[in-house]
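Step one of this worksheet: look at the structure below.
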Amino acid sequence: MAIRKIRLNGDEVLRKKCKPVKEITNRTLKLIKDMGETMYEADGVGLAAPQVGILQRIFVIDVYDDNGLRVFINPEILEVSGSQKGPEGCLSVPNEEAEIERPNYVKVKALNEKGEEFVLEATELLARAILHENDHLDGKLYIDYIK
C-alpha cells in the first residue's frame, strides 16, 4: 500500500473521461487501498481514480458516519432530486472552497471491491460526495459549477 500523488487542477488527466473497470484484479484492489490511504492522509472525504492519475471509473468515500470507506466501481447515477447548497472543496483544488448547488438526494448503482452490485440511496453530505466524485469520472471538477 502506498500514498499516491494527487493530481492538481490543470493536470489534463482530471479533464478526461474514465473507462469502465472490466475486471476487478489484484491491481484494482491495490489501487483502491492506495486511494483510501491517500484520501485519509490528505484529510479528504472522497477520492476518484483520475485524481491519482488512473482513468478508471472508481472512487472511494468516507463521510465519517461509522460506515467506513465506501468503494464505488463503475457507478451509475439512477436518480437525483431536491436541492442543497453548501461549501465544497476538492483535494485536486487545494485550499479553495465554494458554495455549490447539487441535488440533495441521489440513488446510485455500483460494484463494491468484491464485484458485488449494490444500490445506495443517499442524502446531504453523502449525496454531495457521491455526485462530486462521480463528476471526476467524467472529467468535471466542482469549480465548473461556480456561478
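Numbering of residues begins at 1 and proceeds along the displayed sequence.
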Report the C-alpha separation of Asp135 and Arg102 in whole Å, then their side-chain angles, then the decisive distance to 0.1 Å, and conclude whether the salt bridge (charged side-chain N to carboxylate O under 4.0 Å, His left out) test is met.
CA-CA 12 Å; Asp135 275 353; Arg102 291 202 184 261; 3.0 Å; yes

Between the side chains of Tyr105 and Glu121, is a donor N or O closer than 3.5 angstrom to an acceptor N or O?
yes

Going by heavy atoms in the side chains, are Pro50 and His136 under 4.5 Å from each other?
yes

For the hydrophobic clusters of this structure (ILVMFWY residues joined by side-chain heavy atoms under 4.5 Å, transitively), does one cluster hold both Val63 and Val80?
yes

For Ile130 and Phe59, work out which heavy atoms get closest and say how close.
O-CZ, 3.9 Å

Please report the C-alpha distance between Glu79 and Val106 in whole Å, then the side-chain angles of each, then the deciding distance to 0.1 Å, and finally whether the side-chain contact (heavy atoms from CB on, under 4.5 Å) criterion is met.
CA-CA 6 Å; Glu79 194 180 321; Val106 66; over 6 Å; no

Where is the tightest heavy-atom contact between Asn74 and Val21, given as atom of each residue plus distance?
OD1-N, 2.7 Å

Nearest 0.5 Å please: distance from the CD atom of Glu76 over to the NZ atom of Lys109.
4.5 Å

For Tyr142 against Gly89, the heavy-atom pair lying closest together:
CE2-C, 3.9 Å

Rounded distance (nearest 0.5 Å) linking atom CZ of Arg4 with atom CD1 of Ile54:
5.5 Å

Steps toward salt bridge (charged side-chain N to carboxylate O under 4.0 Å, His left out) verdict (Arg15, Asp138):
CA-CA 7 Å; Arg15 293 301 185 170; Asp138 294 321; over 6 Å; no

Quick one, Val119 and Lys107 - any side-chain contact, counting heavy atoms below 4.5 Å?
yes

Nearest atoms (heavy-atom pairs only) where Leu8 meets Pro94:
CD2-CD, 3.8 Å

Within-4.5 Å side-chain heavy-atom neighbours: Glu113 and Ile24
no

Measuring from Ile61:CD1 to Leu120:CG, what's the distance to the nearest 0.5 Å?
8.5 Å

Taking C-beta and beyond as the side chain, do Ile77 and Leu131 meet within less than 4.5 Å on heavy atoms?
yes

Is any side-chain heavy atom of Leu31 closer than 4.5 Å to a side-chain heavy atom of Val52?
yes

Are Leu111 and Leu29 in one and the same hydrophobic cluster, where Ile, Leu, Val, Met, Phe, Trp and Tyr link if side-chain heavy atoms are under 4.5 Å apart?
yes

Main-chain N/O of Leu137 paired with Arg57 side-chain donor or acceptor, under 3.5 Å
yes

To the nearest 0.5 Å, atom OH of Tyr40 lies from atom CG of Leu69 at 4.5 Å

Counting C-beta onward and ignoring hydrogens, is there a side-chain heavy-atom pair between Cys18 and Leu55 closer than 4.5 Å?
yes

Run the side-chain contact (heavy atoms from CB on, under 4.5 Å) check on Ile6 and Ser92 step by step: do they pass?
CA-CA 7 Å; Ile6 296 173; Ser92 292; 3.9 Å; yes

Report yes or no: does Asp11 contribute a side-chain atom to a donor-acceptor pair with the main-chain N or O of Leu14 at less than 3.5 Å?
no

Might you point out which heavy atoms bring Ala127 and Pro103 nearest each other, and give the distance in Å?
CB-O, 4.4 Å

Neighbour count above 12 (heavy atom, 6.0 Å) for Glu116 CD
yes

I'd like to check Phe72 versus Val108 (side-chain heavy atoms, cut-off strictly below 4.5 Å). Are they in contact?
yes

Would you give the length of the straight line joining atom SG of Cys90 to atom CG of Asn95, rounded to the nearest 0.5 angstrom?
12.0 Å

Charged N to carboxylate O below 4.0 Å: is that the case for Lys33 and Glu37?
no

Side chain of Gln84, backbone of Glu124: donor and acceptor closer than 3.5 Å?
yes

Mind checking the CG-CG spacing from Leu91 to Leu47? Nearest 0.5 Å is all I need.
6.0 Å

Looking only at non-hydrogen atoms, find the nearest pair between Gly44 and Tyr64 and report the distance.
O-OH, 3.2 Å

Between the main-chain N or O of Ile3 and the side-chain N or O of Thr38, is there a donor-acceptor pair closer than 3.5 Å?
no

4.5 Å side-chain heavy-atom contact, Gln51 and Val13:
no

salt_bridge(Arg70, Asp65) N-O dist < 4.0 Å:
yes

Is the count of non-hydrogen atoms from other residues, nucleotides or ligands lying under 6.0 Å from Asp144 atom CG greater than 12?
yes

